[in-house]
Participant: 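To start, I am sharing the structure in question, which I have written as structure tokens.
In this text the structure is predicted, and so the values were computed from the model without any measurement.
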Amino acid sequence: MDQLLALVVAVPLLSAAAVIALGPLLGSRRRALDAVAIGVAGVVAVLLFVIMIRTAGGDEVYWFAGFRPSHGVVIGIDFEAQPLSAGLACLAAVLVTAAMTFSWRYFERVGGYYHALMLTFLAGMTGFCLTGDIFDLFVWFELMGVAAYALTAYRPEERGPIQGALNFAITNSIGAYLSLSGIALIYGRTGALNMAQIGVAVEGHPGDRLVVVAFLLIIAGLLVKSAIVPFHFWLADAHAVAPTPVCVLFSGVMVELGLYGIARVYWSVFGLGLGHRVAFGHVFLAMGLLTAVVGAVYCVRERHIKRMLAFSTISHAGMFLTGFALLTPLGLAGSAVYVIGHALVKGALFLGAGIVLHRLRSVNESYLHGRGRGLRVTGVVFTLAGLGLANLPPFATFLGEGWVEDSASAHGLGWITAVLIACTILTGGAVLRVAGGVFYGLGDPPAEDPEMAREAAEETSETDAGKRRTPLSMLVPATALTAAAIAIGLVGRLGPLVEAAAVRFTDQAAYNATVLHGAVVAHPAGLHAAEPTGVTSSALLASAGSVAGALAVALLGLYWRRVPVPRGYRPSPRAAALARGFQSGVINDYVTWLVLGLACLGGVFALIVG
């Protein structure tokens, strides 16, 4: 069992090296490279699923080279697997498998380095989920980031991908430097890099202001990675120009890994030593809700399909952070299931957008109005995925958001439900508007926005020419991801299992005992206090409101010219220009917002520990 934890990283890394080495020998036999990449990703997904099942009875720890702790002092590097961490890594492997399968017939010509980068990306995501060393947490994320930057600029002959990749790389590199600075501070204070050992040292000296600064810097870098407002600007630019299969990973799991990093750093390292639990929870809650609202507003106004889906991801990242910010087992469990459902649904939506681009050579909603009527299967899958994004039962998204809302209501924060429903209505409505207009020709063709038309025109070179048919290798992954999002929502006893895993994830004392002393904690303390799971009447009502509202927003977007609105109440072009100005694409603006956000967050932390 222990060796599996090392293999899930070693296999994709060695395979990536082999692909690069054997690429010139294989010459034009690209299908062999595709088969290798798909097979490796599938094998890693199976191995991680086995690890997830095996860890249901207790956490597993693997020490590289056999350097185990002695008397609570760690000199080696470990992988520590729990159901939540192994499950997230398995989700990443599943999405890589789907993306590589889609790529099989999507790209006419592709270099071997594409397969190597995708496998390296997978290794980085897996290592990030499993590592128990805070410095290696940074290393694995940067390995993932380097692969992501290169994949974003996969078409370097064009201006758009280069600009998007530079914005992505610069903002995320600044975030990485912030995290690295925080890691250096905590290492200087504790003399340790292992998360469990740091947690014990920090717990012994509560209220240490240097520790608070280290925590601030580490999570600031992770907030950039997870696209939380005002650190979010890079995401839409990267999604707009990255190859569609890569966007599946960006939206489906990379952003979520940043949020996982925040949760892991808080509960495995700083939770017991920081104190001020409620105050820090309120800070994360405010950031999550702000991100959800900003992303939803930008999503509903966007006509570039890939950018629209990117803003939807920003909004959902805020919802995931909201669930974590409740600091309850049910809130964390809801976020975990919501992440799974969102990843599968959003992966299907991006693959659907890729099929549209493959067949119709555009992702401009205005241009595509009614042109997708012939893509019947794609239209059905896209519509179903849009309904899943609007939290239609039994999608996993319905369960996840429902549990977050139930936990918020149980702790006197019922107003959060209204905010989450409103954001779900806007994001789901935007996707359903695209489905209705593009695939069914409903409503009036939207007015052409020159700026959005220019942005959408940058996508035309992903495929060499429009095709007369859609290969099964492109349809099957999108259909399978949508079906999986439904199937997970139907799994019996899913709630108690995920909530038990969430309780274990938040039990820092049990984590320390497992890593530092090899203890097997099968029933962590506090499990009896878990909140009940299940489908409640309030969750069903919220889902009904979300779906009905999303359909109403979609119809309003399709038929808005026929709605009798007084002249003074129509949207002002100045408002649209102002909104576009914030997402300017200018890296100087993005860095300024990043610095301003860090300063504000630091000021709030200073007031908390004051």
Participant: Supply the atom-to-atom distance L601 CG to I228 CD1, rounded to the nearest 0.5 angstrom.
Facilitator: 11.5 Å
Participant: So, does D507 use its side chain to make a donor-acceptor pair with the main chain of V503 at under 3.5 Å?
Facilitator: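 Side chain of D507 to backbone of V503: no pair is present.
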Participant: Under 3.5 Å, is there a donor-acceptor pair between the E256 and H316 side chains?
Facilitator: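 Their side chains do not contain a donor-acceptor pair, so the 3.5 Å distance test is not met.
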Participant: H239 and S251: side-chain donor and acceptor closer than 3.5 Å?
Facilitator: yes
Participant: Give the intermediate values and the outcome of side chain to side chain contact (heavy atoms under 4.5 Å, CB included) for residues L420 and L289.
Facilitator: CA-CA 8 Å; L420 297 184; L289 292 175; 4.3 Å; yes
Participant: Donor-acceptor pair, distance only, cut-off 3.5 Å: does the side chain of R301 make one with the backbone of M308?
Facilitator: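 Absent.
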Participant: Measure across C129 and Y260 and return the closest heavy-atom pair with its distance rounded to 0.1 Å.
Facilitator: O-OH, 2.7 Å
Participant: Quick one: closest heavy-atom pair of I51 and A81, and the distance?
Facilitator: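 Looking at all heavy atoms of both residues, the closest pair is CG2-CB, 3.8 Å.
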Participant: Would you please name every residue forming a side-chain contact (heavy atoms from CB on, under 4.5 Å) with L217, sequence neighbours left out?
Facilitator: L178, S181, L185, V213
Participant: Can you name the nearest heavy-atom pair linking V255 to T313, along with the distance?
Facilitator: CG2-CG2, 4.2 Å
Participant: With F135, which of L180, I77, I186 fulfils side-chain contact (heavy atoms from CB on, under 4.5 Å)?
Facilitator: L180
Participant: Do the non-hydrogen side-chain atoms of D78 and V515 ever get within less than 4.5 Å of each other?
Facilitator: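 Of all side-chain heavy-atom pairs linking V515 with D78, at least one is under 4.5 Å.
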Participant: Quick check against the 3.5 Å criterion: does R433 have a side-chain atom that pairs as donor or acceptor with the backbone of A550?
Facilitator: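 Not at all, since once roles are kept as given, no pair shorter than 3.5 Å links the two residues.
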Participant: Among all residues two or more places apart in sequence or in another chain, which pass the salt bridge (Lys or Arg N to Asp or Glu O under 4.0 Å) test with E142?
Facilitator: K225
Participant: If we only count heavy atoms from C-beta on, is the F605 to V283 side-chain gap below 4.5 Å?
Facilitator: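 Yes, their side chains come closer than 4.5 Å.
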Participant: Quick one: side chains of residues 319-329, donor-acceptor pairs under 3.5 Å with protein atoms, not counting sequence neighbours, listed by atom name and distance.
Facilitator:
{"unit_1": "T322", "atom_1": "OG1", "unit_2": "G318", "atom_2": "O", "d": "2.8"}
{"unit_1": "T328", "atom_1": "OG1", "unit_2": "G331", "atom_2": "N", "d": "3.0"}
{"unit_1": "T328", "atom_1": "OG1", "unit_2": "S407", "atom_2": "OG", "d": "2.7"}

Participant: Considering all heavy atoms of both residues, which atom of A227 and which atom of L235 are nearest to each other, and what is their separation?
Facilitator: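 Answer, listing the atom of A227 first, then L235: CB-CD1, 3.6 Å.
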Participant: Any donor-acceptor pair under 3.5 Å linking the side chain of T291 with the backbone of V229?
Facilitator: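 Looks like yes, one N/O pair under 3.5 Å.
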Participant: Do S546 and T424 have side-chain N/O donor and acceptor atoms under 3.5 Å apart?
Facilitator: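 Absent: no donor and acceptor within the cut-off.
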Participant: Let's go through L91 and V339 carefully: what are the C-alpha distance in whole Å and the side-chain angles of both, what is the deciding distance for side chain to side chain contact (heavy atoms under 4.5 Å, CB included) to 0.1 Å, and is it a yes or a no?
Facilitator: CA-CA 10 Å; L91 176 65; V339 163; 4.2 Å; yes
Participant: Evaluate the side-chain proximity of F284 to I219: yes if any heavy-atom separation is below 4.5 Å, no if none is.
Facilitator: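 Yes - at least one pair of side-chain heavy atoms lies under 4.5 Å apart.
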Participant: Decide ring-ring contact (aromatic ring centres under 6.0 Å, His included) for Y62 and F79; before the verdict, give the C-alpha distance in whole Å, the side-chain angles of both, and the deciding distance to 0.1 Å.
Facilitator: CA-CA 5 Å; Y62 174 78; F79 272 3; 7.3 Å; no
Participant: With side chains defined as the heavy atoms from C-beta onward, is the minimum distance between T417 and S409 less than 4.5 Å?
Facilitator: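 The answer is yes; the side chains approach within 4.5 Å.
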Participant: What heavy-atom pair brings V253 and M125 nearest, and what distance separates the two atoms?
Facilitator: CG1-SD, 3.3 Å
Participant: In residues 537-544, what donor-acceptor pairs under 3.5 Å come from side-chain atoms, sequence neighbours left out?
Facilitator:
{"unit_1": "S538", "atom_1": "OG", "unit_2": "D406", "atom_2": "OD1", "d": "3.3"}
{"unit_1": "S538", "atom_1": "OG", "unit_2": "T536", "atom_2": "OG1", "d": "3.0"}
{"unit_1": "S543", "atom_1": "OG", "unit_2": "N391", "atom_2": "O", "d": "2.7"}

Participant: Check whether Q508 reaches the backbone of V269 with its side chain - one donor and one acceptor, N or O, closer than 3.5 Å.
Facilitator: yes
Participant: Is there a donor-acceptor pair closer than 3.5 Å between any side-chain N or O of S179 and the backbone N or O of I218?
Facilitator: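 Confirmed, S179 side chain pairs with I218 backbone.
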Participant: Kindly determine whether D59 and Q82 satisfy side chain to side chain contact (heavy atoms under 4.5 Å, CB included), including the steps that lead there.
Facilitator: CA-CA 5 Å; D59 297 357; Q82 301 177 2; 3.2 Å; yes
Participant: If you define the side chain from C-beta out and look only at heavy atoms, does anything of L193 sit under 4.5 Å from I183?
Facilitator: yes
Participant: Taking atom CG of L389 and atom CZ of F398, what is their separation to the nearest 0.5 Å?
Facilitator: 15.0 Å
Participant: How long is the gap from CG on L210 to OG1 on T190, to the nearest 0.5 Å?
Facilitator: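 Going from the CG atom of L210 to the OG1 atom of T190 covers 10.0 Å.
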Participant: Under the ring pair (Phe, Tyr, Trp, His ring centres under 6.0 Å) rule, collect the residues that match up with F49, sequence neighbours excluded.
Facilitator: none
Participant: Side chain of S315, backbone of F311: donor and acceptor closer than 3.5 Å?
Facilitator: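 Checking the backbone N and O of F311 against the side chain of S315, no donor-acceptor pair under 3.5 Å is found.
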Participant: How close do A310 and F350 get, counting heavy atoms only, and between which atoms?
Facilitator: N-CZ, 4.3 Å
Participant: Within the side chain of W593, is there an N or O that forms a donor-acceptor pair under 3.5 Å with the backbone of F233?
Facilitator: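 No.
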Participant: Roughly how far, to the nearest 0.5 Å, is the OG1 atom of T171 from the OH atom of Y590?
Facilitator: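 Between atom OH of Y590 and atom OG1 of T171 there are 9.0 Å.
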Participant: Taking atom CE of M52 and atom CG of L47, what is their separation to the nearest 0.5 Å?
Facilitator: 12.5 Å
Participant: Any donor-acceptor pair under 3.5 Å linking the side chain of N194 with the backbone of Q197?
Facilitator: yes
Participant: Could you tell me the separation between the CG atom of L309 and the SG atom of C247, rounded to the nearest 0.5 Å?
Facilitator: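 Between atom CG of L309 and atom SG of C247 there are 9.0 Å.
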Participant: Checking E80 now: which residues fulfil salt bridge (Lys or Arg N to Asp or Glu O under 4.0 Å) with it, not counting sequence neighbours?
Facilitator: R264
Participant: Hey, are the side chains of W403 and Y338 touching, using non-hydrogen atoms and a 4.5 Å cut-off?
Facilitator: no
Participant: Check whether any side-chain heavy atom of V44 sits under 4.5 Å from a side-chain heavy atom of V9, and report yes or no.
Facilitator: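 They are not in contact (no side-chain heavy atoms under 4.5 Å apart), so the answer is no.
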Participant: Side chains of Y298 and I314: closer than 4.5 Å at any heavy-atom pair?
Facilitator: no
